[in-house]
Number of protein chains: 2
Amino acid sequence: MPQKHLVEIRDNPLFASIGAESFAALTRGAYVQNFPPHTELITEGEAADFLHIVSTGCVELFSIWQGRETSMSFQTENSTFILAATIKDLPYLMSARTITKSRVIMIPSQDIRGVFERDSMFAKSIVSELATCYRNAIKTAKNIKLRTSLERLANYILKLHLAQGGRIELELAVEKRRIASFLGMTPENLSRSFAGLKSHGVEMDGQVIKVVDAAKLEEFAHPNALIDG
Amino acid sequence: MPQKHLVEIRDNPLFASIGAESFAALTRGAYVQNFPPHTELITEGEAADFLHIVSTGCVELFSIWQGRETSMSFQTENSTFILAATIKDLPYLMSARTITKSRVIMIPSQDIRGVFERDSMFAKSIVSELATCYRNAIKTAKNIKLRTSLERLANYILKLHLAQGGRIELELAVEKRRIASFLGMTPENLSRSFAGLKSHGVEMDGQVIKVVDAAKLEEFAHPNALIDG
DNA sequence: TTCCATTTTTGATCTGAATCAAGACCGCTA
DNA sequence: TAGCGGTCTTGATTCAGATCAAAAATGGAA
């Protein structure tokens, strides 16, 4: 594996504090692969043979039941999936597909479990990562159960806005129908919701969102750190 | 702390494999308290000062946003809450209230973090518990996003039925309005959903559910281990 | 046993969002 | 530049579930 990928893995908080020998054991059997868009990397129900790390690009985690599909999250640079399945040696609960052309690092799950058994710093990093994943899942559940679809979109935009330092123009990184699915609504409803936010300080121009009145948007959205943080 | 509670804590998988000295360090500052029903034990947004263990009774985790409330889960004997907040030393994302008269063990979070730092078996137990919590949260999110409220109720009943060894009569342990909230619907809709399941092998008699045709219920519910497991 | 407060059920109505359809728009390829 | 496939928007309609109201049922206390 090229040195630059090793550096990249090291930069990931999950691996930043483990010993050199452990790190070698993890990266020895790992490999990197480039995937075109729309490639299914893992399928729910399959054995969790690898822990995946997104090097570049964007990967969508999704799930299907009885012909119905929902987007669960988007994984971008330097994020991993699915640690809980890897650690527990259980089937993946979600599928993953590339949204854009992506480079993905794959580390065999048994290597992860092997190092987890003997490197206590790694175990602690894993604890932190899993706790964060769990808390994020709770925030997502609260968002879905407590808010209308318009409120979910408003808070989604507000969060993007704040994450980009208050910038007025935000460019969506994925297709709107994917965002609709993630927010728990249909593409038609997302389109209508964007229109509905016009009176709350938001304008649309193709893939570009303009937050023309952030205070007004915030007044409508009622962001909450325990959901949106 | 009475010996019987120590045994009880030991029986919890989170604590079963830690060293005696670690165990003593955890239980030294812990205490047990009995609470009547409808007592709020923790409130979302508060600092996570304790890890709670339900000794007897039932505790509901819930959340409120802008006057809207939703039930997130029910914690029964031998379950803990909220490990992720305790470990990360972050505010609770959910509140908790007793549903029935309950006995709850409280362990100071800083004692948990102290032992976590130095007992690698404990760190591993925590990893397992957090991974399970995270996976359960993903299953819940899938249930909410992919299924109608009737389907969620059908699968809820089917799961209870299987958990009780296929017994025909199941007695609900909590009020129906709480279950309605947990399943993401109003009490009125839950009532109508129970009625709707009459043609799928389910009958109601107050707090007692009768699964009179499990095969028929299963045919409608399409249970899936990746959601209901 | 009666009374009271709360929960549950039922009926009527409303609404947010889905579904279906069709046209407009966009990006890519030849 | 034109054509094609896919995405997005808009309109019309349907519907799952919420809301509101009222009656019935339930459990606990006096």
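This is a predicted model, so every value here is computed, not measured. First the proteins, then the strands, lettered A, B, ... as listed; each starts at 1.
Not a single donor-acceptor contact under 3.5 angstrom links the side-chain atoms of B/R68 to the base of D/dT19.
Residue A/T186 is classed as a base contact, given a heavy-atom separation below 4.0 Å to a base. No engagement by A/G196 is indicated, since no non-hydrogen atom pair under 4.0 Å with the nucleic acid exists.
Proximity note for A/K176 (side chain, C-beta onward) versus D/dT9, D/dG17, D/dT7: the nearest is D/dT9. Looking at the side chain of A/N189, the nearest of the listed nucleotides C/dA17, C/dT7, D/dA18 is C/dA17. When distances run from any side-chain atom of A/E188 to the nucleotides D/dC20, C/dC20, D/dC8, the shortest one goes to C/dC20. Nearest nucleotide to the B/S149 side chain, out of C/dA18, C/dT8, D/dG17: D/dG17. Here D/dT10 is the nucleotide among D/dT10, D/dA18, C/dA18 with the atom lying nearest to any side-chain atom of A/S191.
Atoms CE (A/M185) and C1' (D/dC15) sit 18 Å apart, rounded to a whole Å. Rounded to whole Å, the distance from CZ on A/R147 to C1' on C/dA17 is 18 Å. The distance between atom CZ of A/F194 and atom C1' of D/dT9, rounded to the nearest whole Å, is 13 Å. When the P atom of D/dT9 is taken as reference, atom CG of A/D205 falls 11 Å away, rounded to whole Å. Across the protein-nucleic acid pair, A/L172 atom CG and C/dC26 atom P stand 14 Å apart, rounded to whole Å. Rounding to whole angstrom units, NZ of residue A/K145 and P of D/dA18 are separated by 11 Å. A straight line from CE of A/M204 to P of C/dC26 spans 12 Å, rounded to a whole angstrom. The separation between B/I144 atom CD1 and D/dG17 atom P is 11 Å, rounded to whole Å.
Taking the six-membered ring for Trp and thresholds of 30 and 60 degrees, B/Y31 and B/F50 have ring planes more than 60 degrees apart, a perpendicular arrangement.
A salt bridge does not link B/K142 to B/D228: none of the charged side-chain nitrogens sits closer than 4.0 Å to a carboxylate oxygen. Using a cut-off of 4.0 Å between Lys/Arg side-chain N and Asp/Glu carboxylate O, A/R103 and A/E77 are scored as not salt-bridged. B/E203 has no carboxylate O lying under 4.0 Å from a charged side-chain N of B/K216, or vice versa, which leaves the two without a salt bridge.
For C/dG16, the OP1/OP2 oxygens have no side-chain nitrogen or oxygen of A/T148 closer than 4.0 Å.
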Side chain to side chain donor-acceptor pair (under 3.5 Å) between A/K88 and B/S128, intermediate numbers included: CA-CA 7 Å; A/K88 297 280 282 186; B/S128 182; 2.8 Å; yes
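Between A/Q207 and A/R192, it is A/Q207 whose nearest contact on DNA chain D lies nearer the 5' terminus.
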